Amino acid sequence: MNRKTVAVLPGDGIGPEVLDAALPVIEALGLPLDLEFGDIGWECWRAEGNPVPDRTWDLIGRSDAVLLGATTSKPRREALAELAPELRESAPQYLSPIIQLRQRLDLFANLRPVENYLGGGTPYRFCVVRENTEGLYAGLDWNHVPDGMWPLVAEHPNVRRSGRPGSTAGIRLQTSHGLDRILRFAFETARAHGHERVTLADKPNVLRQSSAYVLERLEAIAADYPEIPFEVLNVDAVALWMARRPERFGVIVAENMFGDILSDLGGGVMGGLGLAPSANIGEKGNYFEPVHGSAPAMAGRGRANPAAAFLTIGLMLEHLGLQDAAGSIQDAVRHVTRRRDRVTYDLGGSATTTEAAQAVLDACREVPQAPTAAIVTIGDELLRGDLEDSNAGNASRMLGERGVPVRVRHTIGDDEATIADAIRPSIGRDDVIVVMGGLGPTSDDVTRSAVARALARPLEHREEAWQGVVERLTRFGVAIHDDNRRQALFAEGADLLPNPNGTAWGCRAEAQGSTVVMLPGPPRECLPMLAAVLRDGLPHLPEPPEVTCVFRRTLGIIEADAAALVDELVRDSGVPVKPAYHWHYPYVDIRLGCPPEAADDLAGRLDAALADHLVTDRDRTAVQELAVLLDARGLVLDLDDRLTDGVFAAELARERDTSDGAGALGVALSGVRQGGDGTSYTGTIALTCTVRDTTGEPTAPHTGEHPHEHTYELTIPNRGPEVTTYCAQFAAWSLVRHLTGRHPKPMEESA
Ligand code: IPM
Ligand code: MN
């Protein structure tokens with residue numbers, strides 16, 4: 001393809017930052033476009049008395065497309081006040097740059113697509129085609145009714161009371177030239193984008209004459225598009241239905257002001273102007289612009305959502321004949337907005353403009369995003385607590401092992417609307433949605449209708465499932481009730497999942513990129529069925545990456561400090577690592593999921609970073625580790641333990657296989673409380689454990705008074721009686737370190 005020139009006009013406010021963030025997509029997709037940057041907007045007005053300087057018009061004139069960031073418009077008085085002093089003399093009029101572009105280039109069609117980018121709920125995709133050159137924007141707008149018009153309005157009762165100086169007027173101008181081309185554009189758009197119908201949003205019940213003419217033109221143009229149905233609705237009703245049932249619309253065509261209002265409403269329906277792109281198109285030119293405007297209060301803060309800018313670039317690419325690239329950008333935006341992993345504040349995230357843009361760029365380059373799952377377990381008995389919800393945990397584990405970690409889990413009673421409400425937001429957002437329970441034959445089991453409702457599909461009878469039910473009941477000599485027929489009802493078009501262990505079959509259905517899996521509640525029925533789906537039924541999901549888990553149990557360090565150390569070493573390691581922390585008094589466990597080949601190196605770094613706190617690399621307590629060592633070496637303790645009042649000795653005895661040994665280790669455990677006592681949860685306790693080892697050669701260097709002695713110390717928060725547990729584990733840990741040669745450093749060295 002020939003290279004095309006794009007005039008990029010970043011403009012004001014957040015315009016430059018959203019374009020900066022989104023423009024790299026052009027290079028990422030390797031598109032044959034040359035970008036030329038130009039000036040437009042408020043700075044041009046202030047300095048030059050013209051928000052669209054001549055050089056910018058020249059640039060526009062030699063470009064194939066114009067990409068605009070945003071421009072600021074201010075009311076007349078403010079505009080004049082900000083003008084450079086030397087320009088005030090000539091008193092130029094500020095005219096919004098976009099209005100100038102629309103008028104001078106005769107950009108009659110303003111296309112504003114609306115789509116369910118956030119996923120969840122019913123999918124919808126429609127667009128507002130707004131007339132851009134006439135209607136109330138025709139410039140026929142008067143403060144004081146002009147002479148020629150006066151006779152027309154003078155008799156209005158309110159005008160009689162207000163007089164001429166107190167009356168204003170504007171004209172909704174519509175012409176056959178203007179109407180025919182916008183209506184034709186609407187039908188062409190419906191055809192090109194596969195929209196099912198064209199809706200004219202007008203006001204025929206009040207603006208009876210002009211609306212009748214518009215309808216006349218609509219019928220004339222529609223005759224050329226016999227395959228596309230059309231309708232006329234009052235604009236207020238369109239507003240209502242757009243909010244209530246956006247999926248009923250295809251192309252909504254409207255005159256300028258109605259279209260202006262409806263397209264902002266469309267932005268609201270889809271979750272904010274941060275997702276709203278626009279194309280302004282005419283015979284002689286075009287410009288493409290996010291609908292959000294310059295948002296001066298937000299400028300320079302890195303908060304603006306770049307999605308609208310990406311989608312706007314997509315519209316531009318489509319116009320330039322680069323349909324595939326446009327499609328990739330839309331897919332990438334959909335992908336990111338549905339997951340909402342890396343999105344800006346307006347979509348509930350905390351990503352900056354650049355981070356959110358990077359997510360879209362990654363998705364364009366098909367850098368895979370981690371898949372996610374949702375689980376919905378159903379049954380009043382789960383909510384009452386009569387039955388432990390073991391399915392949720394088991395399904396989580398199975399999905400996690402398949403490389404589809406669970407993002408959200410709901411437990412819902414047997415209520416159809418609530419179940420459907422829980423499923424809906426995951427459709428189009430989670431890769432797998434597992435719904436379990438509520439498939440029995442009785443009327444209080446409503447899951448099958450809830451799933452159908454969430455999928456917006458009717459229920460249908462499935463003979464093969466029915467035969468399965470009949471066969472099974474007959475085999476067990478159970479009478480068949482009419483109610484059993486319910487168990488053969490499934491959302492239309494679903495794939496059935498036979499149940500080898502029960503009558504309730506399950507099903508799976510694909511919707512907006514999500515696989516919805518519906519399963520019966522009894523664990524021995526649903527878990528094997530889920531295993532089969534995970535094994536054979538998710539070919540569209542990548543195989544889970546191989547992950548090794550490096551495990552370390554630590555003592556004497558708080559979770560946040562451990563996390564800070566880990567963060568640093570993960571950063572330095574240069575491999576993808578997923579850390580997880582688990583605090584269970586008195587331990588903090590650290591698990592680092594990493595690629596198998598990186599595990600050794602990572603473990604080495606972790607041990608070095610945590611050297612002073614390391615207890616074990618196994619899921620054992622220090623007391624358990626000590627018991628193993630003492631058993632292996634045939635040792636007993638000569639214990640001075642008033643601190644734990646025998647708790648340490650008792651715990652140790654429980655873990656040991658034998659109670660005797662040849663050698664004895666002298667152990668003195670003591671603690672000094674500061675600012676608290678054995679009943680209060682305040683202050684600290686300084687623990688000391690001195691190990692005197694006469695079983696072998698003296699170990700140098702020693703830290704106690706005696707050549708065979710090592711002293712271990714730790715100061716911990718005083719948690720009253722609970723601290724006893726800590727003391728016992730500390731004593732055991734000290735002994736483990738002693739026996740494995742991990743002695744503390746002598747005083748002078750550690751100072
Ligand atoms: C839009 C804007 C403009 C309009 C303003 C800024 C002139 O609201 O593009 O929708 O009313 O057309
Ligand atoms: Mn607007």
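Counting starts at 1 for both ligands and their atoms, in listed order. Keep in mind that what you see is a predicted model, and the values were worked out from it rather than measured.
- Scanning the protein for heavy atoms near atom 5 (C) of ligand 1, the closest one is Ile98 CD1, 4.2 Å.
- The single protein non-hydrogen atom nearest to atom 7 (C) of ligand 1 is Ile99 CD1, 3.9 Å, given as residue, atom name and distance.
- The closest donor-acceptor contact from the side chain of Asp431 to the backbone of Thr372 lies under 3.5 Å.
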> Please walk me through it: do Thr352 and Glu355 pass side chain to side chain contact (heavy atoms under 4.5 Å, CB included)?
Replying inline: CA-CA 5 Å; Thr352 62; Glu355 289 162 351; 3.3 Å; yes
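- Within the structure, ligand 1 has Arg102 among the residues with a heavy atom less than 4.0 angstrom away.
- Considering backbone and side-chain N/O of Asp260, one or more are found under 3.5 Å from N/O of ligand 1.
- For atom 11 (O) of ligand 1, the closest non-hydrogen atom of the protein is Tyr137 OH, 2.5 Å.
- At a heavy-atom cutoff of 4.0 Å, ligand 1 is contacted by the side chain of Arg112 but not by its backbone.
- Looking only at distances, a side-chain donor or acceptor of Asn50 sits under 3.5 Å from a matching main-chain atom of Val52.
- The atom of Asp260 that is an N, O or S and sits closest to the Mn ion (ligand 2) is OD1.
- Closest non-hydrogen pair, Gly282 versus Leu107, comes out as N-CD2, 3.6 Å.
- Every atom of ligand 1 is numbered from 1 in the order shown, and the set under 4.0 Å from a heavy atom of Arg130 is 1 (C), 4 (C), 9 (O), 10 (O), 11 (O), 12 (O).
- By the 30° and 60° cut-offs, the orientation of the rings of Phe288 relative to His319 is tilted.
- Put simply, the residue from Leu183, Ile252, Thr189, Ile228 that forms a side-chain contact (heavy atoms from CB on, under 4.5 Å) with Val198 is Ile228.
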